Student: 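After the structure tokens below, expect a handful of questions from me.
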Amino acid sequence: IEQPTFPKITEMCVKMIRRVNDEEGIKKLVNETFQKLWFTPTPHHDKEAMTRKILNITDVVAACRDTGYDWFEQLLQNLLKSEEDASYKPVKKACTQLVDNLVEHILKYEESLSDSDNKGVNSGRLVACITTLFLFSKIRPQLMVKHAMTMQPYLTTKCSTQNDFMVICNVAKILELVVPLMEHPSETFLATIEEDLMKLIIKYGMTVVQHCVSCLGAVVNKVTQNYKFVWACFNRYYGALSKLKNQHQEDPNSTILTANKPALLRSLFTVGALCRHFDFDQEDFKGNSKVNIKDKVLELLMYFTKHSDEEVQTKAIIGLGFAFIQHPSLMFEQEVKTLYNSILSDKNCSVNLKIQVLKNLQTYLQEEDTRMQQADRDWKKVAKQEDLKEMGDISSGMSSSIMQLYLKQVLEAFFHNQSSVRHFALNVIALTLNQGLIHPVQCVPYLIAMGTDPEPSMRNKADQQLVEIDKKYAGFIHMKAVAGMKMSYQVQQAINTCPKDPVRGFRHDESSSALCSHLYSMIRGNRQHRRAFLISLLNLFDDTAKTEVNMLLYIADNLACFPYQTQEEPLFIMHHIDITLSVSGSNLLQSFKESMVKDKKKERKPSSDEESESDSNSGSESESEEEASKPRRLRKRVDSDSDSDEENDINAVMKCLPENSAPLIEFANVSQGILLLLMLKQHLKNLCGFSDSKIQKYSPSESAKVYDKAINRKTGVHFHPKQTLDFLRSDMANSKITEEVKRSIVKQYLD
């Protein structure tokens with residue numbers, strides 16, 4: 001028993017079982033594999049085989065301690081569902097064997113814990129066994145009914161290590177599911193459980209309190225109806241809170257409050273936890289009293305959310321979150337709306353408070369989902385006599401109204417620099433969308449933005465939500481694609497740790513993939529949507545769009561790194577770059593000329609270079625890029641004469657500059673869009689290996705098949721628009737106009 005199974009077998013099982021929700025073929029293989037491995041009945045005499053099986057399962061459960069157990073629940077549900085209508089049920093029989101043997105193993109580990117040499121190993125194994133029993137109880141609690149009395153003594157485990165606390169929490173969770181199913185349990189057994197739970201609630205920390213109150217809720221509400229017992233506990237903590245509130249009102253700086261802080265924190269948490277599982281406004285609790293308990297609790301907890309100590313504020317908000325699960329209508333109260341929305345929208349507010357508000361909303365939605373699923377199962381068992389859909393609509397209508405109140409602030413939390421805030425905001429939105437509580441179109445731009453998050457788990461979750469929306473509502477993604485790209489730039493701005501560095505639109509890893517590559521891959525399949533999307537992005541570079549330079553750089557980065565598959569895609573972009581340049585480029589040069597001082601213009605004859613530049617506008621830029629990319633010996637002759645010519649040109653234009661420098665800065669700003677398009681065109685040309693003639697021959701009206709060939713991408717081609725990067729790093733748009741800055745802008749104009 002003490003020998004662990006081979007780590008490699010455990011590792012293989014963990015990798016396989018995590019694919020239980022994969023595509024149908026893989027899902028079927030996973031189910032079949034684990035049915036043979038774990039869920040096939042073992043002959044009663046083969047104790048060794050059963051021990052191996054138990055060790056393997058508990059090893060895998062222990063290995064997944066940090067990543068969650070959804071896979072186990074899903075696997076067990078899949079297998080039990082597959083034999084629902086069968087006369088022979090091997091999986092059910094195997095589960096019964098496993099549960100019975102796990103309980104036997106627990107008793108053996110308990111005995112061996114007295115052996116100090118193996119205490120650590122066996123303690124870990126004990127936790128894994130009890131956790132596995134809880135997972136079985138979650139799916140088939142009936143399997144554990146006969147073992148409930150065996151589990152109860154573990155509530156009295158002396159807690160000295162993390163494993164001890166885990167044992168207590170898992171036993172409480174098992175009893176919560178199993179005790180209500182027991183037929184005629186003895187009063188002594190039930191009284192012992194209630195007393196054990198109450199001792200744990202009074203003695204230990206948040207996690208234990210939470211699970212023990214939840215277990216007490218199931219035992220009292222469904223079995224014993226021992227309301228006086230719970231009412232006494234509630235009054236103990238509620239009374240302590242009222243007293244502390246009065247003391248704080250009399251003297252906020254009192255030393256008594258500091259000394260009583262641990263009691264205050266415990267009372268805030270415990271009152272909330274009790275309100276989550278018991279409705280104290282029922283006659284069973286308060287008798288004939290006319291006092292509205294939920295309003296009194298709300299008033300008390302709200303008072304402490306304004307406390308100067310952040311720890312007290314956090315516990316008060318946790319307490320509120322618990323109370324709102326029992327009474328969701330409290331979330332419509334004006335003071336609650338103000339509290340939640342101010343915490344979420346205030347940029348200077350504590351990260352811990354933001355996270356706690358988001359956690360509260362997440363827990364509420366999870367509880368509502370569980371409640372709805374349970375109601376669904378219960379009514380299906382009874383009959384189709386009631387209108388189930390209507391019942392569900394009443395509950396989901398409440399959830400929908402609540403989420404509409406807080407939706408905007410939750411979505412705006414995506415723009416927070418702390419990943420934990422973004423993580424919980426995304427969880428809330430995912431739950432809201434999965435339950436169909438809001439129209440998904442308003443979330444699409446935010447999900448596109450979250451798809452650029454540095455953390456893979458978050459961007460995968462956001463991308464998955466977009467895929468689900470696209471399946472149900474074709475065209476929504478395309479409709480909000482440009483807004484999503486702009487929003488993704490805002491997210492990147494928020495998480496940019498070095499504000500002096502421009503925000504870039506590609507991943508800084510080996511792939512150098514575009515941050516919005518998933519968005520593009522969703523749109524590219526529809527030619528009409530793809531073209532409309534690309535044109536909308538290129539229109540942002542137009543001087544009339546007044547797009548900020550860093551956003552243009554971000555979009556150019558994405559356009560440079562999108563996962564293009566056919567030649568048509570980059571050719572279409574290059575074709576439209578030429579159209580944009582022919583208009584915007586000419587307008588830009590013209591506006592610069594018009595800003596020059598007219599009476600000085602007579603003193604200067606424009607150089608032939610400049611005239612030809614204004615005629616051909618973007619052409620020479622492409623040539624100069626090609627020139628720059630050639631080896632030095634093949635470039636046009638550059639000697640001291642041409643250097644002095646360029647210097648003369650710069651000096652000549654400098655003489656004509658107006659005293660008001662605003663047009664100069666405006667030109668420098670607007671010209672970045674033109675420069676970026678020129679650089680982007682050159683990059684795509686180099687990346688795809690297109691010749692000038694191929695680019696010129698391209699026509700968007702040609703049949704799609706003509707340019708349907710796959711792109712032959714060249715490696716090591718990177719998009720590096722140096723002039724724009726220098727412009728942003730030097731903060732030229734806000735810099736003081738010196739002679740050097742003027743010369744730089746004039747050179748930009750001549751280029």
Side-chain angles (χ1 to χ4, degrees), residues 169 172 176 197-198 200-218 220-221 227 229-245 248 260-282 285-286 291-307 309-333 335-337 339-340 343 352-368 370-371 402 406 424:
C169 290
E176 178 184 343
L197 291 169
M198 193 58 73
L200 292 166
I201 290 166
I202 292 165
K203 189 174 181 182
Y204 291 115
M206 284 200 304
T207 310
V208 173
V209 170
Q210 207 170 332
H211 292 304
C212 289
V213 170
S214 185
C215 183
L216 191 64
V220 172
N221 290 327
Y227 299 118
F229 184 68
V230 178
W231 181 241
C233 176
F234 171 74
N235 274 313
R236 172 182 179 164
Y237 289 107
Y238 178 82
L241 266 189
S242 295
K243 191 178 174 185
L244 289 165
K245 178 195 169 188
H248 186 262
N260 286 328
K261 184 180 168 182
L264 172 59
L265 296 176
R266 175 174 286 279
S267 298
L268 287 166
F269 187 86
T270 311
V271 163
L274 287 164
C275 285
R276 175 178 180 172
H277 297 284
F278 300 97
D279 183 358
F280 292 108
D281 280 310
Q282 287 180 350
F285 289 104
K286 67 177 186 179
V291 177
N292 190 316
I293 302 294
K294 73 171 188 288
D295 289 347
K296 287 286 182 188
V297 168
L298 177 66
E299 185 190 329
L300 255 184
L301 293 174
M302 284 300 297
Y303 178 81
F304 286 105
T305 60
K306 300 173 182 71
H307 199 279
D309 187 322
E310 190 186 302
E311 202 177 349
V312 173
Q313 284 179 288
T314 305
K315 283 288 189 295
I317 291 170
I318 291 172
L320 282 173
F322 288 152
F324 296 158
I325 290 168
Q326 181 70 246
H327 304 287
S329 59
L330 291 175
M331 281 192 264
F332 294 115
E333 295 291 329
E335 56 183 336
V336 175
K337 286 193 284 187
L339 174 74
Y340 269 26
I343 288 173
N352 291 334
L353 296 181
K354 280 183 192 289
I355 288 172
Q356 194 51 59
V357 168
L358 291 167
K359 276 184 179 176
N360 282 3
L361 291 170
Q362 176 183 306
T363 310
Y364 164 70
L365 290 169
Q366 286 167 337
E367 283 290 312
E368 276 301 301
T370 307
R371 205 180 290 176
I402 287 167
Y406 303 108
F424 285 107

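Keep in mind it's a predicted model, so treat the numbers as computed, not measured.
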Student: Can you measure from OG1 (Thr370) to CD (Glu367) and round to the nearest 0.5 angstrom?
Tutor: 5.5 Å
Student: Considering only heavy atoms from C-beta outward, does the side chain of Tyr364 approach that of Ile402 to under 4.5 Å?
Tutor: yes
Student: Taking salt bridge (Lys or Arg N to Asp or Glu O under 4.0 Å) as the test, write out the residues that go with Asp309, two or more places apart.
Tutor: Lys261
Student: Residues two or more places apart in sequence or in another chain: which of them pass side chain to side chain donor-acceptor pair (under 3.5 Å) with Asn221?
Tutor: none
Student: Report the C-alpha distance between Cys275 and Gln326 in whole Å, list the side-chain angles of each, state the deciding distance to 0.1 Å, and finish with yes or no for side chain to side chain contact (heavy atoms under 4.5 Å, CB included).
Tutor: CA-CA 7 Å; Cys275 285; Gln326 181 70 246; 5.5 Å; no
Student: Parallel under 30°, tilted from 30 to 60°, perpendicular over 60°: which one fits the rings of Phe285 and Trp231?
Tutor: tilted
Student: Looking at the rings of Phe322 and Phe269, which for Trp means the six-membered one, are their centres under 6.0 Å apart?
Tutor: yes
Student: Within a strict 4.5 Å, meaning less than it, do heavy atoms of the Leu216 and His277 side chains meet?
Tutor: no
Student: Who are the side chain to side chain donor-acceptor pair (under 3.5 Å) partners of Tyr303, not counting sequence neighbours?
Tutor: His248
Student: If the plane angle is over 60° it's perpendicular, under 30° parallel, otherwise tilted; pick one for Phe280 and Phe278.
Tutor: tilted
Student: Checking Leu298 against Glu335 for the side chain to side chain contact (heavy atoms under 4.5 Å, CB included) test, could you report, in this order, the C-alpha distance in whole Å, the side-chain angles of both residues, the deciding distance, and whether it holds?
Tutor: CA-CA 10 Å; Leu298 177 66; Glu335 56 183 336; 3.9 Å; yes
Student: Nearest 0.5 Å, please: how far is NZ in Lys286 from CZ in Phe234?
Tutor: 10.5 Å
Student: Say whether Glu176 and Ser214, considering side chains only, have a donor N or O and an acceptor N or O under 3.5 Å apart.
Tutor: yes
Student: Where do Leu300 and Lys245 come nearest, in terms of heavy atoms and distance?
Tutor: CD2-CD, 3.6 Å
Student: Quick check: does any side chain N or O of Asn360 sit under 3.5 Å from a backbone N or O of Leu320, one acting as donor and the other as acceptor?
Tutor: no
Student: Just by modelled atom types, is the Ile343 backbone N or O under 3.5 Å from a matching donor or acceptor in the Lys354 side chain?
Tutor: yes
Student: Is a side-chain N or O of Arg236 found less than 3.5 angstrom from the main chain of Ser267, in a donor-acceptor match?
Tutor: no
Student: How many angstroms lie between CG in Leu241 and CD in Glu299, if you round to the nearest 0.5 Å?
Tutor: 12.0 Å
Student: Return the NE2 to CD distance between His327 and Glu333, rounded to the nearest 0.5 Å.
Tutor: 12.0 Å
Student: Would you say the side chain of Lys359 lies within less than 4.5 Å of the side chain of Ile317, judging by non-hydrogen atoms?
Tutor: no
Student: Grab the two heavy atoms, one from Gly319 and one from Leu301, that are nearest each other, plus how far apart they are.
Tutor: C-CD1, 3.7 Å
Student: Looking at side-chain heavy atoms only, is the closest gap between Lys315 and Leu264 below 4.5 Å?
Tutor: no
Student: So do the side chains of Leu330 and Asp295 get within less than 4.5 Å of each other, counting heavy atoms only?
Tutor: yes
Student: Where is the tightest heavy-atom contact between Met331 and Lys337, given as atom of each residue plus distance?
Tutor: O-CG, 3.6 Å
Student: Is a donor on one side and an acceptor on the other found under 3.5 Å between the side chain of Tyr340 and the backbone of Leu361?
Tutor: no
Student: Which atom names give the shortest non-hydrogen contact between Ala316 and Leu268, and what distance separates them?
Tutor: N-CD1, 4.0 Å
Student: Do the side chains of Val357 and Tyr406 get nearer than 4.5 Å, heavy atoms only?
Tutor: no
Student: Is there a side-chain contact between Arg276 and Thr363 in this structure, where contact means two heavy atoms from C-beta onward sitting under 4.5 Å apart?
Tutor: yes
Student: Could you walk me through whether Leu265 and Glu311 pass the side chain to side chain contact (heavy atoms under 4.5 Å, CB included) test, one step at a time?
Tutor: CA-CA 8 Å; Leu265 296 176; Glu311 202 177 349; 3.5 Å; yes
Student: Backbone N or O of Ile293 within a donor-acceptor pair of the Asp281 side chain at under 3.5 Å?
Tutor: yes
Student: Looking at every non-hydrogen atom in both residues, tell me the closest pair between Met302 and Leu339 and how far apart they are.
Tutor: SD-CD2, 4.0 Å
Student: Might you work through the side chain to side chain contact (heavy atoms under 4.5 Å, CB included) test for Val209 and Arg266, ending with a clear yes or no?
Tutor: CA-CA 9 Å; Val209 170; Arg266 175 174 286 279; 3.9 Å; yes
Student: Atom CG of Leu353 and atom CD of Gln313: how far apart are they, to the nearest 0.5 Å?
Tutor: 5.0 Å
